[in-house]
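Only one structure is covered here, and it is reproduced in the block below.
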Amino acid sequence: MKTTLVLLLAIMISLPQTIPLPNLLFPDQHEQMLTPEQAKQILTTQLTKNPALGPIKITAVTYSNGQYHISYTRESNCESGTHIINAYTGETVGGTRNQC
């Protein structure tokens with residue numbers, strides 16, 4: 001049993017150059033993280049696709065665990081919310097939306 005485990009471990013260690021394995025605990029050190037301004041621009045672009053809804057106002061931006069939490073309000077339709085944007089890919093990964 002121990003011999004099989006050692007052999008399997010030796011094979012896994014010798015393969016990283018041929019089979020890339022994702023590191024789930026730590027993001028790629030070479031991956032570029034978005035700035036807070038870039039994250040705000042992504043959200044603004046998403047939320048103003050329909051100009052009839054009016055402009056949004058960003059009220060807060062916080063960073064936690066590889067994600068930007070961006071809060072906003074839109075007075076024209078009494079809307080507010082928080083979007084969660086992946087700090088590396090720029091994708092929206094969650095959030096909330098409220099409307100009066």
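Scope of the values below: all heavy atoms of this structure, side chains included, with no hydrogens, waters or symmetry mates.
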How long is the gap from [atom1] on [X] to [atom2] on [Y], to the nearest 0.5 Å?
{"X": "Y72", "Y": "Q46", "atom1": "OH", "atom2": "CD", "answer": "10.0 Å"}
{"X": "I84", "Y": "T96", "atom1": "CD1", "atom2": "OG1", "answer": "7.5 Å"}
{"X": "T44", "Y": "I56", "atom1": "OG1", "atom2": "CD1", "answer": "4.0 Å"}
{"X": "N86", "Y": "Q67", "atom1": "CG", "atom2": "CD", "answer": "6.5 Å"}

Is there a side-chain contact between L47 and H83, using heavy atoms and a 4.5 Å cut-off?
-> yes
For S76 and G54, the nearest pair of non-hydrogen atoms, with its separation, is OG-CA, 3.8 Å
Out of curiosity, does Y63 fall in the hydrophobic cluster containing I42 (side-chain heavy atoms, cut-off under 4.5 Å, transitive links)?
-> yes
Ignoring hydrogens and angles, state whether a donor on the side chain of T82 or S71 is under 3.5 Å from an acceptor on the partner side chain.
-> yes
Mind checking side chain to side chain contact (heavy atoms under 4.5 Å, CB included) for N77 and listing every partner two or more places apart, or none if nothing turns up?
-> L53, R74, E79, Q99
Who are the side chain to side chain contact (heavy atoms under 4.5 Å, CB included) partners of V61, not counting sequence neighbours?
-> P36, K40, I58, Y68, I70
Residue E75 excluded, over 12 heavy atoms near CD under 6.0 Å | no
Return each pair, listed once, that meets disulfide (SG to SG under 2.5 Å) where at least one residue sits in residues 49-100; pairs must be two or more places apart or across chains.
-> C78-C100
